[in-house]
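For reference, the structure is listed below as structure tokens.
Keep in mind the model is a prediction, meaning the values are calculated, not measured.
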Amino acid sequence: SLGRTRSFGLLCRPAGPIPLLQHGPSGGCCTQLVQENKLSPLRNTFMPIYIVSHLRLKRPFDKDFRVIYVGPLSGPSSPDDFAVTDAIQSPHMADKNKSFCELTALYQMLNLHAPSKDELIGLVHYRRPFVQGPKWLCRIIRTTQKSKFTRGISNALLANYSLTQRKAAVLLQDHDVIVPVPVRLKTSVEERYMQMHVASDWEKLKRIIEVQQPDYLAAFEQLANGRSMYLYNMFVGRTELMHRYAKWLFPILESLETQIDISDRDTFQKRVFGFLAERLFNVFLIKHTELKVLHLPVVQLFNESVVAT
């Protein structure tokens, strides 16, 4: 199983190593591991859920959200006052976005926010919000935004049922992390990856796990042989937990980066480290059975609903 889970599905590369992740003016790094796993009450303060995007977006409907621009909109400053970029503060890994995808945003987010058991942080895609409602509601949201005549209905539903930081703070009183409802596959996770991507990348990743993180090998095999997984590298959780995850994740990807040449790959296959990180997030959650994982559905939006014109 993917950790101790509860589902709300019925409710609706330039060469070089990944830099040392710091946070705030006092420094520090994501390699600082906090062993304490006990849940603690969340402060009545709200750190943002970041919306990662390579396109310029409309202003989010709620102040709980902050946009983080990547790719062509990355840089030392943001074009919008409601947004930051994955290069707004050093160190960063913004130049790796074509292969690391939303992980360049995650890296910057954790650079900006120190680990804390009392504060939340989240990452969602610009077209994939978490929705706290039934599946039929997700279908209505998706259907009504197809036309400019009914898009107002969709936007109103999103404003009422999208997961905000305030709603997440309530849900995470009894859970550690919110992730998308897992997708079910027709084949194993390993077989699916080898069909869709470069098979040798998977084998190289497995060897790195065996050498660097042998305690995670059983969890890796469980995921590989299973037929379900969380997608998108999306979450809402305590900053402490996400720093722990980053400490584990990025050294693995850094080692893998030295073994994979992506220079001749097409745009899709160059996203290898983002794809493999999706699987590794599952491995991390499988290994840490003490974590209480909450599933929420994700709705797929159209660009017209969120992209600035």
Side-chain angles (χ1 to χ4, degrees), residues 2-12 39 41-53 57-68 82-84 102 105-106 109-110 113 116-145 153-183 229-242 245 278 281-282 285 291-302 305-306:
L2 296 171
R4 296 168 58 191
T5 62
R6 178 185 174 196
S7 178
F8 269 58
L10 297 179
L11 299 176
C12 203
L39 287 168
L42 295 168
R43 295 176 186 168
N44 191 26
T45 58
F46 298 95
M47 303 177 80
I49 293 177
Y50 284 90
I51 303 171
V52 60
S53 177
L57 301 184
K58 300 174 183 177
R59 181 180 295 275
F61 68 86
D62 192 286
K63 65 180 181 180
D64 283 2
F65 294 96
R66 179 182 295 171
V67 173
I68 181 165
F82 52 80
V84 296
E102 56 276 325
L106 172 63
M109 289 159 52
L110 297 180
H113 301 286
S116 170
K117 292 185 294 181
D118 301 321
E119 295 174 316
L120 301 181
I121 196 168
L123 184 153
V124 299
H125 295 179
Y126 74 102
R127 294 195 304 169
R128 293 189 179 106
F130 285 111
V131 174
Q132 193 178 356
K135 290 182 179 179
W136 58 261
L137 177 65
C138 297
R139 289 193 292 269
I140 292 176
I141 292 173
R142 172 78 173 168
T143 301
T144 54
Q145 67 175 283
I153 298 173
S154 175
N155 292 340
L157 291 172
L158 284 169
N160 279 283
Y161 292 99
S162 290
L163 181 70
T164 64
Q165 199 69 293
R166 290 166 176 79
K167 295 175 183 176
V170 176
L171 296 175
L172 290 175
Q173 293 293 347
D174 299 313
H175 296 83
D176 293 286
V177 63
I178 297 169
V179 297
V181 173
V183 297
M229 62 175 287
Y230 309 127
L231 293 177
Y232 312 134
N233 289 314
M234 287 174 38
F235 68 89
V236 180
R238 288 167 173 78
T239 56
E240 174 199 50
L241 174 61
M242 301 321 298
Y245 171 59
E278 286 181 304
F281 190 30
N282 286 260
L285 294 177
L291 296 176
K292 297 179 180 179
V293 181
L294 178 63
H295 302 152
L296 283 183
V298 171
V299 63
Q300 180 82 30
L301 305 181
F302 291 88
S305 296
V306 291

If I compare all heavy atoms of Pro48 with all of Arg66, which pair ends up nearest, and what's the gap?
CB-CB, 3.8 Å
Answer yes or no: is there a donor N or O on one side and an acceptor on the other, between the side chain of Arg142 and the main chain of Gln300, under 3.5 Å?
yes
Backbone N or O of Ile121 within a donor-acceptor pair of the His113 side chain at under 3.5 Å?
no
Once rounded to the nearest 0.5 Å, what's the spacing between atom CD1 of Ile141 and atom CH2 of Trp136?
9.5 Å
Walk me through whether Val299 and Arg128 qualify under side-chain contact (heavy atoms from CB on, under 4.5 Å).
CA-CA 5 Å; Val299 63; Arg128 293 189 179 106; over 6 Å; no
Going from CG on Asn233 to CG on Asn282, what distance comes out if it is rounded to the nearest 0.5 angstrom?
9.5 Å
Spacing of CD1 belonging to Ile49 relative to CE belonging to Met109, to within rounding of 0.5 Å:
9.5 Å
Side chains of Asp176 and Lys292: does their closest heavy-atom pair fall under 4.5 Å?
yes
Taking the side chain as every heavy atom from C-beta outward, state whether His295 and Tyr230 have any atom pair closer than 4.5 Å.
yes
Please name the pair of heavy atoms, one in Phe130 and one in Val124, separated by the smallest distance, quoted to 0.1 Å.
CD1-CG1, 3.6 Å
Should Leu231 and Val298 count as side-chain neighbours, where that means a heavy-atom distance under 4.5 Å?
no
Return the CG to CD1 distance between Leu171 and Ile178, rounded to the nearest 0.5 Å.
5.0 Å
Given side chains that start at C-beta, do those of Val236 and Gln165 come closer than 4.5 Å, heavy atoms only?
yes
Hey, does Tyr126 have a side-chain heavy atom less than 4.5 Å from the side chain of Val67?
no
Can you find a heavy atom in the side chain of Pro129 that is under 4.5 Å from one in the side chain of Leu301?
yes
So, does Gln145 use its side chain to make a donor-acceptor pair with the main chain of Phe302 at under 3.5 Å?
yes
CG of Leu294 to CG of Leu163, rounded to nearest 0.5 Å, is 8.5 Å
Would you say Phe82 and Ile51 make side-chain contact, with heavy atoms under 4.5 Å?
no
Smallest separation among heavy atoms of Leu120 and Ala168, with atom names
CD1-C, 3.9 Å
Suppose we screen for ring-ring contact (aromatic ring centres under 6.0 Å, His included). Which residues come up paired with Tyr161, at least two apart in sequence or across chains?
none
So do the side chains of Asn155 and Phe61 get within less than 4.5 Å of each other, counting heavy atoms only?
no
Determine whether a donor-acceptor pair (N or O, by modelled atom type, separation under 3.5 Å) exists between the side chain of Ser116 and the backbone of Thr239.
no
Measure the spacing between CD of Glu102 and NE2 of His125 and express it to the nearest 0.5 Å.
3.5 Å
If you compare all heavy atoms of Arg238 against all heavy atoms of Leu172, which two are closest, and at what distance to 0.1 Å?
NH2-O, 3.0 Å
Does Lys63 NZ have over 12 foreign heavy atoms under 6.0 Å away?
no
Can you tell me how the ring of Phe281 sits relative to the ring of Tyr245, calling it parallel under 30°, perpendicular over 60° and tilted otherwise?
tilted
